[in-house]
Asker: 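My structure is below; once you've seen it, I'll send some questions.
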Amino acid sequence: MAFPLNDRQLEAVRATEGPVLVIAGAGSGKTRVLTERIAHLVVERGVRPHEILAFTFTNRAAREMKERLEKNNPGITDRLWVGTFHATGVRILRSEGERIGIQRRFSIYDADDSADLVKEILSKQVVMGGMMGSPSAMRDRISRWKNDLMTPEMAAEGASDNIERKVAAVYREYERGLRRANALDFDDLIAKVVELFSVHPEVKERYARRFRYVLVDEFQDTNPIQMALIDALASHHRNLFAVGDDDQSIYSWRGARVDHILNFEELYPGTKVVRLEQNYRSTQTILDAANHVIAHNKGRKGKNLWTDLGKGEKAGLLVSMDEETEAINVLDAVKSLVADGYSPREIAVLYRTNAQSRALEDVFKLGSVPYQIIGGVRFYERMEVRDILAYCKFLANPADDVSLKRIVNVPPRGLGKSTYESLSSMARSNDTTVLEALRTGAHFLATAQKKRVGAFLELVSKLREIAKDSPAPRVVEAIIAETGYKEFLRQNYPDADARIENVDEVVAAAEAYTQGRDDASLAAFLEEIALVADVDSLDDIKGQVTLMTLHNAKGLEYDCVIIAGLEDGLVPHYNSLDTIEELEEERRLFYVGMTRARKRLFLSYANMRRRMGVIEGGSPSRFLAEIPDECVDGAVDSPRSGEGAGDFDELRLPFPGRRGPLQRREPSPTEYEDYSQEEASYAVGMRIFHNDFGRGIVRKVEGSGENLRVTVIFDGGGERKFLAHYAPMRPLV
DNA sequence: TGGTAGAGGCTTTTT
DNA sequence: GCCTCTACCA
């Protein structure tokens, strides 16, 4: 990729002074422009790296940008600030936060921690007066307020009804809870910097003077609070360089405003606008398909991508009966691509919702193609991992009541709900932390409880002693050992093996983090993992097919892309059918998915799909009809008309006859055999892996064919008998 | 207090 | 379909 920059790209790189807005179409080389510009600033203009600040959307993007810079200019990134808004916020708050009352060792609450805090608040409310939604829905509402720079007071004032007013009241309590626990949630990592800058203008001025050049990637997905931060940091020199694509704005649900792009020139008078429309990624056919789809959106600046990479092949169409068949067809398509010579690492399978990954994985794990799934139940969201990390957070910050609540009786040590409740309400009325209540208030309790509280406090002080001067991995090990956590897992979970592996993985993560760092402390490790996203750990070194959501695919590219589940209700999603704005965002999401592909694109839908346990009929995504016929190899079934009472039944029945002529075939007999052979061959003594129960050893084999019964003794304890044909089980090699 | 079983809610997307 | 919460019993 050592092509010279084109004229437009050069223009963007060299326009160093004043505000610049780059409208960068998909695949138009925007990352290259960003890195070349930074290099240009340092090498040609003599700017010192620490005077440059660049915001990226993911840590992965930050890492890649640094790597590309280092390649041509070793050492350049040492003092450069490149990171996500959140990481940059933390960096500033660690050194300046105390000015606005944030202690240095604050905890960072992730979405689950925040929801736990909301839950805790709700449980203390006497009467909540009915339907206000789940704790996490409320947390989302609060988050949107925060991202719109709304305080609890403003939220209460602007509330449109009683329910909103009550949620606003919860918001107020939530903020108090965070402060009491010396914790910040994700949004605070940015919001508190904005607050700091407004309370202490001199601090803002210091940073604004320091950063002579501010660069922002994925500008279309910034929200008001991020915009406030950008604006503050660029306020002195006004050398703001924003790169984005209004057609790829897919985060409005997180408060992002495309207006930031559309109104940029008003916000920053004198802006130079550069448009990058030459695409260096995809074939003309893929671009034509994508261009036609996105052209249906009204609210856009409008652009037309072109390429000189040639026409390429038509997009493949996979039509399947249901989601299981779809998964088989997707795996089939992957296999044929591999047979054509594409590396698995150059193939991605994209879908709208994480829930769709299950059906795909069920098939992929029996297939012979290596794969990785990004997202879904994330590693750091697993129960056992969260337990261990809650111990860590609590040790690093004893005021952290949410974490304390999580661990106080895990593993069970006789400090159940009623004991905890009485201690926490004591803490509440005395306005102290729960730990303080444990220390001072235990004399109210019965003797047995007093003893148990004492034992817990002893455990805590022992662990804190260790945490004081040991590196993070040693602390994690001590937590696991001293609490007897693995034993607890073994006794309570049939899949203890997998869970123990996860727990060990936390130690490994701490170990990996510690390598080559000065600060190996628990607090530093916690900060690191609080900010990692799933895409950040995306592994493209091993040759694996990647499965992930369309959102996660933003900013990535692959030779081959398969988009699964292209049905109305999924793309566009049911919940986004109400307004034009929502519908257009769904279209952009589809557009983002299509434009990830360099050479081959497959579009897939199923006629039926299980949703929350119920089988539902679906029709092909309305967006498919927006793709010109000559771009697709095959014909999309026309969406079902709603007329006629009989339609209803048809939706629910697998009518083999109504599959169109270009329907993807069922797997051929040989392929299927190949597929089932793996599950058919079990022998006594063989090691197996079961989805729910983990590893085990085969003790007995009876019957044959579909009636093949396999008895397994699991490593995690327990013996079970399965019908091999149906059980989610496979032999381990 | 803790274990179990059944009910109910949930899934859009994430730093 | 799966996970979490709640109610009830040991």
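Here is how names work: the chains are called A, B, and so on, in the same order as the sequence lines, proteins then strands, and each is numbered from 1.
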Asker: If the threshold is 4.0 Å, N to carboxylate O, is there a salt bridge linking A:Arg587 and A:Glu582?
Answerer: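 No, A:Arg587 and A:Glu582 are not salt-bridged.
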Asker: If only side-chain N and O atoms of A:Asn223 are considered, is one of them under 4.0 Å from the OP1 or OP2 phosphate oxygen of B:dT15?
Answerer: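 Checking A:Asn223 against B:dT15: no side-chain N or O falls below 4.0 Å of OP1 or OP2.
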Asker: Let's see if you can work this out: which of B:dT13, B:dT11, B:dT15 has an atom nearest to the side-chain heavy atoms of A:Ala355?
Answerer: B:dT11
Asker: Can you identify which nucleotide, out of B:dT11, B:dT15, B:dT13, has its nearest atom closest to the A:Phe186 side chain?
Answerer: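 My answer, after comparing the listed nucleotides, is B:dT15.
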Asker: Return the set of residues passing ring pair (Phe, Tyr, Trp, His ring centres under 6.0 Å) with A:Tyr351 (not counting sequence neighbours), or none when no residue passes.
Answerer: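 Scan of A:Tyr351 (ring pair (Phe, Tyr, Trp, His ring centres under 6.0 Å), adjacent residues dropped) gives none.
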Asker: Contact class for A:Asn354 vs. all strands (heavy atom < 4.0 Å): base, sugar-phosphate, or nothing?
Answerer: sugar-phosphate
Asker: I'd like to know if A:Arg300 pairs up with A:Asp247 as an ion pair, taking the criterion as any Lys NZ or Arg NE/NH1/NH2 lying under 4.0 Å from an Asp or Glu carboxylate oxygen.
Answerer: yes
Asker: On DNA chain B, compare the nucleotides closest to A:Ser576 and A:Arg139; which residue's is nearer the 5' end?
Answerer: A:Ser576
Asker: For A:Phe57 and B:dT15, do the ring centres fall under 5.5 Å apart while the planes stay under 30° apart?
Answerer: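 One would not call A:Phe57 stacked on the B:dT15 base.
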Asker: For A:Glu67, which residues count as a side-chain hydrogen bond (donor to acceptor under 3.5 Å, both in side chains) partner, sequence neighbours excluded?
Answerer: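 So A:Glu67 forms no side-chain hydrogen bond (donor to acceptor under 3.5 Å, both in side chains) with any residue.
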Asker: Just to verify, what does A:Ala530 make a side-chain contact (heavy atoms from CB on, under 4.5 Å) with, not counting sequence neighbours?
Answerer: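 Here the qualifying residues are A:Ile108.
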Asker: Go along nucleotides 1-10 of chain C 5' to 3' and tag each nucleotide: B for a protein heavy atom under 4.0 Å from its base, S when only backbone or sugar atoms are that close, - otherwise.
Answerer: BS--S-----
Asker: Please, which pairs that meet salt bridge (Lys or Arg N to Asp or Glu O under 4.0 Å) have at least one residue in residues 220-229 of chain A, sequence neighbours excluded?
Answerer: A:Asp221-A:Lys554
Asker: Contact list please: residues 401-410 of chain A against DNA chain B, heavy atoms, distance less than 4.0 Å, in numerical order.
Answerer: A:Asn409
Asker: Does A:Thr549 have a side-chain nitrogen or oxygen under 4.0 Å from the phosphate oxygens OP1 or OP2 of B:dT14?
Answerer: yes
